[in-house]
Amino acid sequence: DDNDNRDDEKIGCGFCGYSNRMSSASFQITRESVPYVLVTSDVIMGLASGMTIKFFPLFFKNECGMSPMSVLLIYVTTL
């Protein structure tokens, strides 16, 4: 069956077209590892955004000259 052979396929990098191996990395990503790679990247991005979002009020205050009440109104309207 054709589906049985698909489990052993490797995923290409996407930038240089399809290939059986990722040429720029020393590891191979299999179909089974794709969900784990996606979850890991989502967790890293979530942690990174959580570290920067808390400083948005300081940015609005210092760079845009907004008052604390204006920043609060932005937060309330974007919920």
Side-chain angles (χ1 to χ4, degrees):
D1 187 32
D2 220 11
N3 290 337
D4 293 335
N5 296 335
R6 294 174 73 192
D7 293 338
D8 296 331
E9 290 180 17
K10 306 299 180 207
I11 306 296
C13 66
F15 293 107
C16 58
Y18 178 79
S19 65
N20 281 343
R21 300 186 86 176
M22 292 180 63
S23 59
S24 63
S26 61
F27 59 91
Q28 294 179 350
I29 299 175
T30 62
R31 287 188 184 272
E32 292 79 23
S33 64
V34 169
Y36 299 107
V37 171
L38 291 175
V39 166
T40 303
S41 67
D42 285 346
V43 167
I44 291 171
M45 292 300 291
L47 292 173
S49 67
M51 290 187 279
T52 58
I53 289 175
K54 64 182 175 183
F55 294 106
F56 280 175
L58 290 175
F59 171 79
F60 289 132
K61 177 185 161 268
N62 295 335
E63 298 296 322
C64 301
M66 296 176 71
S67 69
M69 183 59 86
S70 300
V71 175
L72 176 68
L73 289 174
I74 289 175
Y75 273 92
V76 168
T77 57
T78 58
L79 289 178

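Model, not experiment: these values are computed from the prediction. For reference, positions follow the sequence shown, starting with 1.
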Peer 1: Tell me which one of Leu47, Thr40, Asp42 satisfies side chain to side chain contact (heavy atoms under 4.5 Å, CB included) with Ile44.
Peer 2: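 Looking at Leu47, Thr40, Asp42, the match for Ile44 under the side chain to side chain contact (heavy atoms under 4.5 Å, CB included) is Thr40.
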Peer 1: Between Ser70 and Ser67, do the side chains contain an N or O donor and an N or O acceptor separated by less than 3.5 Å?
Peer 2: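 Present: a donor and an acceptor within the cut-off.
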Peer 1: Same cluster or not: are Ile53 and Met45 linked, directly or through other Ile, Leu, Val, Met, Phe, Trp or Tyr residues, by side-chain heavy atoms under 4.5 angstrom apart?
Peer 2: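 No; Met45 is not reachable from Ile53 via cluster members.
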Peer 1: Are Leu58 and Ile74 in one and the same hydrophobic cluster, where Ile, Leu, Val, Met, Phe, Trp and Tyr link if side-chain heavy atoms are under 4.5 Å apart?
Peer 2: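 Each belongs to a different hydrophobic cluster.
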Peer 1: Indicate, with yes or no, if Phe59 and Met66 share a hydrophobic cluster defined by side-chain heavy-atom contacts under 4.5 Å among Ile, Leu, Val, Met, Phe, Trp and Tyr.
Peer 2: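 Yes, same cluster.
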Peer 1: For Phe60 versus Val71, what's the shortest heavy-atom pair and its separation?
Peer 2: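 Scanning both residues completely, I find the closest heavy atoms to be CB-CG2, 3.6 Å.
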